[in-house]
Protein chains: 2
Amino acid sequence: MTFSIGDLSRQAGVKVTTIRYYEQEGLISAPLRTDGNQRRFGEKDLKRLRFIKHGRDLGLPMSAIRELLDLSGHPDQPCDQADRIARDQLLSVRDRISQLRRLEAELERIANSCSGDHTVADCDVLKAFGDHGQCKGEH
Amino acid sequence: MTFSIGDLSRQAGVKVTTIRYYEQEGLISAPLRTDGNQRRFGEKDLKRLRFIKHGRDLGLPMSAIRELLDLSGHPDQPCDQADRIARDQLLSVRDRISQLRRLEAELERIANSCSGDHTVADCDVLKAFGDHGQCKGEH
DNA sequence: TGTACTTCCTCTAGTGACTGGAGGTTCAAG
DNA sequence: CTTGAACCTCCAGTCACTAGAGGAAGTACA
């Protein structure tokens, strides 16, 4: 079973151009070609591409995905590193969440400060955007 | 009172190179220069730069900041637009938060699936990263 | 087999919002 | 007047793609 780049794109949910980009970056290996120079992929490529896609969806940076791909190429190594990557990513997601929560509070305050029927000159929203002193904390 | 670019940088918490970039992009106006061609800024520039910085910290895209800066140049206009920008940003922050929450749950599941003392070959973390089917929902 | 139509190819450049470095000049303190 | 930090311009690089030009290959149907 072989796939054209378009098939692969549909199956994995990754754009055609992005697949070519991944190949160029060495994230997937250069596939076979037809006589007419078109790429033909196999199941393995699909799996690998899905792995990458899923990792990206989970917010992993490409560097982490590279590490994980490298790891999966060495099945006899201990898996501490894979574990670490997952935990690191979890921590950074939690960080981002709490940062965004602070932001949310800030923006709520700012958005609520506008009663609606006045002009820019005395708009509290603009003042609030301009002045960090009004904020409760850091963001 | 005038500031060198370094002074301004410290006062506003924006890097020197970034200030020059903002000038190039027209976000701040080209400042006066000394005889030796060095930039000299005033209080107005500092205010404007702080406005930009604060907006960025609040997660606004540059396009929104541009809009707000334009608005504040027309003090007699109604301020609906400033209000709208704040509300839009609030909605998008909330979106991002709930997206990250789903991610967090996913990563928790993945990170917990590794008991620690085995090899890559049977590592559930790697399997989990590779397989979206294991996930509870979208991310 | 012909023809249309879609998909594919490479190559280059652009995105956003900066960041970094090279190579040289100016400023301010002592 | 000297020293050393700060400044100047210009260019390239970052990340992870995305878009477009200009042309070739594959495929479905008559």
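Per chain, numbering begins at 1; letters A, B, ... match sequence-line order.
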Can you check whether [X] has a side-chain N or O nearer than 4.0 Å to OP1 or OP2 of [N]?
{"X": "A:Y22", "N": "D:dA16", "answer": "no"}
{"X": "A:T18", "N": "D:dA16", "answer": "no"}
{"X": "A:R33", "N": "C:dT10", "answer": "yes"}
{"X": "B:R20", "N": "D:dT9", "answer": "no"}

Could you tell me whether a side-chain N or O of B:R56 sits under 3.5 Å from a main-chain N or O of B:F51, the two making a donor and an acceptor? no

When the distance from [atom1] of [X] to [atom2] of [N] is rounded to whole Å, what number comes out?
{"X": "A:E25", "N": "D:dC17", "atom1": "CD", "atom2": "C1'", "value": "10 Å"}
{"X": "A:K15", "N": "C:dT7", "atom1": "NZ", "atom2": "C1'", "value": "17 Å"}
{"X": "A:I19", "N": "C:dC8", "atom1": "CD1", "atom2": "C1'", "value": "12 Å"}
{"X": "B:F3", "N": "D:dC7", "atom1": "CZ", "atom2": "C1'", "value": "17 Å"}
{"X": "B:L27", "N": "C:dA17", "atom1": "CG", "atom2": "P", "value": "10 Å"}
{"X": "A:I52", "N": "D:dC15", "atom1": "CD1", "atom2": "C1'", "value": "16 Å"}
{"X": "B:R56", "N": "C:dT19", "atom1": "CZ", "atom2": "C1'", "value": "14 Å"}
{"X": "A:Q38", "N": "D:dA24", "atom1": "CD", "atom2": "C1'", "value": "8 Å"}

Among [options], the one nearest [X] by side-chain distance:
{"X": "A:S4", "options": "C:dC8, C:dT19, D:dC7", "value": "C:dC8"}
{"X": "A:I5", "options": "C:dC8, D:dC7, D:dA25", "value": "C:dC8"}
{"X": "A:N37", "options": "C:dC9, D:dA16, C:dC18", "value": "C:dC9"}
{"X": "B:M62", "options": "C:dT10, D:dC8, C:dA17", "value": "C:dA17"}
{"X": "A:T34", "options": "D:dT9, C:dA17, D:dG26", "value": "D:dG26"}

State plainly whether the residues [X] and [Y] are in salt-bridge range, i.e. N to O under 4.0 Å.
{"X": "A:D83", "Y": "A:R87", "value": "yes"}
{"X": "B:R10", "Y": "B:D7", "value": "yes"}
{"X": "A:K53", "Y": "A:D57", "value": "yes"}

With a non-hydrogen cut-off below 4.0 angstrom, is B:R39 in contact with a base, only sugar-phosphate, or nothing? sugar-phosphate

Please lay out, stage by stage, how B:R84 and B:D88 fare under the test side chain to side chain contact (heavy atoms under 4.5 Å, CB included). CA-CA 6 Å; B:R84 183 186 49 72; B:D88 280 359; 3.3 Å; yes

With DNA chain C as reference, determine whether B:R40 or B:T17 sits nearer its 5' end, using the nearest nucleotide of each. B:T17

